[in-house]
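All values below were derived from every heavy atom in this structure, side-chain atoms included, with hydrogens, water molecules and symmetry-related copies excluded. Counting from 1, the numbers follow the sequence of the chain as shown. None of these values were measured; they are calculated from a predicted model.
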Amino acid sequence: MSDIRSKFLEVYSVLKSELLNDPAFEFSHDSRQWVERMLDYNVPGGKLNRGLSVIDSYKLLKEGKELTNDEVFLACVLGWCIEWLQAYFLVLDDIMDNSVTRRGQPCWFRQPKVGMIAVNDGLILRNHIPRILKNHFREKPYYVDVLDLFNEVEFQTTSGQMIDLITTLVGEKDLSKYSLTLHRRIVQYKTAYYSFYLPVACALLMAGESLENHIIVKDILVEMGTYFQVQDDYLDCFGDPEVIGKVGTDIEDFKCSWLVVKALERCNEEQKKLLYENYGKADKACVEKVKELYKVLDLQGIFVEYENETYERLLNSIESHPSKAVQAVLKSFLSKIYNRQK
């Protein structure tokens with residue numbers, strides 16, 4: 001795995017070099033330096049799970065056949081396109097949320113001299129994706145399908161972000177709007193398509209498959225993405241900050257979290273009143289009252305039940321898929337997230 005990771009990082013350097021010498025734009029020394037610094041700060045700093053999943057998935061679809069250097073390279077390129085997409089989302093997301101840190105360092109827009117130039121940097125990141133795809137896939141039979149896939153997933157993700165943002169408008173905090181259906185819609189569109197479906201869809205296209213024949217695979221991966229976000233919501237409140245690497249703020253941020261939706265379902269009138277009065281406030285005492293209520297309502301137990309049921313259901317769906325190679329891809333994803341602590 002470390003070998004694949006180092007290969008993956010080598011491909012980043014190749015792509016960066018191509019972009020910094022793109023003939024469509026006449027770079028000055030300053031502009032080239034700016035873009036290089038912006039890329040290094042925002043693109044390769046995460047866990048790279050989404051990008052690496054393209055290579056893992058493609059390998060499994062090839063059922064143990066040794067990949068050529070060219071195949072490994074192209075799978076890495078598609079993986080990096082997902083990481084570029086992620087960087088574009090995060091740069092703009094941090095501005096919208098007025099966030100302070102990202103991946104353990106100040107958000108890009110908080111860097112000296114960056115500020116709102118970060119909006120344009122986000123757009124540059126987004127525009128790099130078709131440049132990369134054109135450079136490496138123009139001659140491939142699936143070129144149009146890959147472009148179409150990235151455009152569709154971007155549309156779904158930004159639309160999911162919109163639902164999330166208009167749900168938590170400041171001054172319009174209304175818990176009665178929160179439901180499992182709303183939570184599912186936000187998660188499905190904002191996270192599941194680009195984090196779970198996109199890497200596998202890229203691998204399927206590279207393997208010569210038509211995505212229209214794999215609607216069931218998409219449904220399973222979107223369900224997995226939803227499950228992943230429910231885990232995230234749970235860990236935000238009950239996870240160990242030392243392990244997950246951040247202190248959760250969903251309660252203060254008035255997030256449409258799985259926990260608050262479940263609490264609303266199980267509350268009596270008195271408990272509901274407590275929730276309405278304390279949810280979405282940055283006051284430590286208010287946050288503690290909400291957490292205490294979650295414990296009283298046994299949301300930890302409810303979560304364990306949900307996790308086990310979802311795991312069984314996903315496993316059954318995966319095992320009923322006719323292709324053993326596709327099963328292996330989906331099982332690999334599921335094993336990475338089941339029972340995770342961070």
Inset, instruction - For Ser195 and Phe228, run side-chain contact (heavy atoms from CB on, under 4.5 Å): C-alpha distance rounded to whole Å, both residues' side-chain angles, the deciding distance at 0.1 Å, then the answer. - result: CA-CA 10 Å; Ser195 298; Phe228 180 84; over 6 Å; no

Contacts under 3.5 angstrom, residues 255-269 side chains, donor-acceptor by atom type, not counting sequence neighbours:
from: Ser257; atom 1: OG; to: Leu259; atom 2: N; distance (Å): 3.1
from: Lys262; atom 1: NZ; to: Glu265; atom 2: OE1; distance (Å): 3.2
from: Arg266; atom 1: NE; to: Leu297; atom 2: O; distance (Å): 3.3
from: Asn268; atom 1: OD1; to: Glu270; atom 2: N; distance (Å): 3.1
from: Asn268; atom 1: OD1; to: Gln271; atom 2: N; distance (Å): 2.7

Inset, instruction - Return yes if some donor-acceptor pair links the side-chain N/O of Ser6 with the main-chain N/O of Asp3 below 3.5 Å, else return no. - result: yes

Could you list the donor-acceptor pairs under 3.5 angstrom formed by side chains in residues 208-218, with sequence neighbours left out?
from: Glu209; atom 1: OE1; to: His214; atom 2: NE2; distance (Å): 2.9
from: Ser210; atom 1: OG; to: Glu212; atom 2: N; distance (Å): 3.3

Legend entry - Spatial distance of atom CD (Glu312) from atom CD (Glu307) [nearest 0.5 Å]: 11.5 Å

Legend entry - Ring centres under 6.0 angstrom apart (Phe89, Tyr194): yes

Inset, instruction - For Arg110, look at atom CZ and say whether over 12 heavy atoms of other residues, nucleotides or ligands are found less than 6.0 Å away. - result: yes

Legend entry - Under 3.5 Å donor-acceptor, Ser57 side chain and Val54 backbone: no

Legend entry - Lys336 atom NZ, over 12 foreign heavy atoms within 6.0 Å: yes

Inset, instruction - Please state whether the rings of Trp108 and Trp34 are parallel, tilted or perpendicular, taking 30° and 60° as the class boundaries. - result: perpendicular

Inset, instruction - Drop me the distance from Thr249's OG1 to Asp253's CG, to the nearest 0.5 angstrom. - result: 3.5 Å

Inset, instruction - Run through Glu223, Gln231, Gln229 and flag the one making a side chain to side chain donor-acceptor pair (under 3.5 Å) with Tyr227. - result: Gln231

Inset, instruction - Verify the distance criterion only: is there a donor paired with an acceptor across the side chains of Asp148 and Tyr143 at less than 3.5 Å? - result: no

Inset, instruction - Give a yes or no on whether the backbone of Gly51 and the side-chain of Glu83 come within a donor-acceptor separation of less than 3.5 Å. - result: yes

Legend entry - Rounded distance (nearest 0.5 Å) linking atom CG of Leu19 with atom CG of Asn135: 7.5 Å

Inset, instruction - Examine distances only and state if a side-chain atom of Gln327 and a backbone atom of Pro322 form a donor-acceptor pair shorter than 3.5 Å. - result: no

Inset, instruction - Find the distance between CG (Leu39) and CG (Asp121) and round it off to the nearest 0.5 Å. - result: 9.0 Å

Legend entry - Aromatic centroids of Tyr12 and Phe8 separated by under 6.0 Å: no

Legend entry - Side chain Asp236, main chain Asp232, donor-acceptor under 3.5 Å: no

Inset, instruction - Applying side-chain contact (heavy atoms from CB on, under 4.5 Å), run through His136 and Glu18 and close with a yes or a no. - result: CA-CA 11 Å; His136 297 282; Glu18 287 173 359; 2.8 Å; yes

Inset, instruction - Please indicate whether Glu319 has more than 12 foreign heavy atoms, meaning atoms of other residues, nucleotides or ligands, lying under 6.0 Å from its CD. - result: yes

Legend entry - Whether Asn308 side chain and Val304 backbone form a donor-acceptor pair below 3.5 Å: yes

Legend entry - Any donor-acceptor N/O pair, Ser28 side chain to Ser31 backbone, under 3.5 Å: yes

Inset, instruction - To the nearest 0.5 angstrom, please state how far the CG atom of Asp219 sits from the CD atom of Gln188. - result: 9.0 Å

Inset, instruction - Answer yes if the ring centres of His128 and Tyr88 are under 6.0 angstrom apart, and no otherwise. - result: no

Legend entry - Under 3.5 Å donor-acceptor, Lys65 side chain and Leu61 backbone: no

Legend entry - CZ/Phe155: more than 12 non-hydrogen atoms of other groups inside 6.0 Å: no

Legend entry - Ser99 side chain to Ile95 backbone, donor-acceptor under 3.5 Å: no

Legend entry - Non-hydrogen side-chain atoms of Leu85 and Trp80 separated by less than 4.5 Å: no

Inset, instruction - Would you give the length of the straight line joining atom CZ of Phe333 to atom CG of Leu314, rounded to the nearest 0.5 angstrom? - result: 13.0 Å

Legend entry - Worked check of side-chain contact (heavy atoms from CB on, under 4.5 Å) between Ser176 and Tyr276: CA-CA 9 Å; Ser176 67; Tyr276 271 70; 3.4 Å; yes

Legend entry - Backbone N/O of Gly104 and side chain of Thr101: donor-acceptor pair under 3.5 Å: no

Inset, instruction - Walk me through it: do Tyr234 and Tyr306 pass the test side-chain contact (heavy atoms from CB on, under 4.5 Å)? - result: CA-CA 11 Å; Tyr234 176 81; Tyr306 162 84; over 6 Å; no

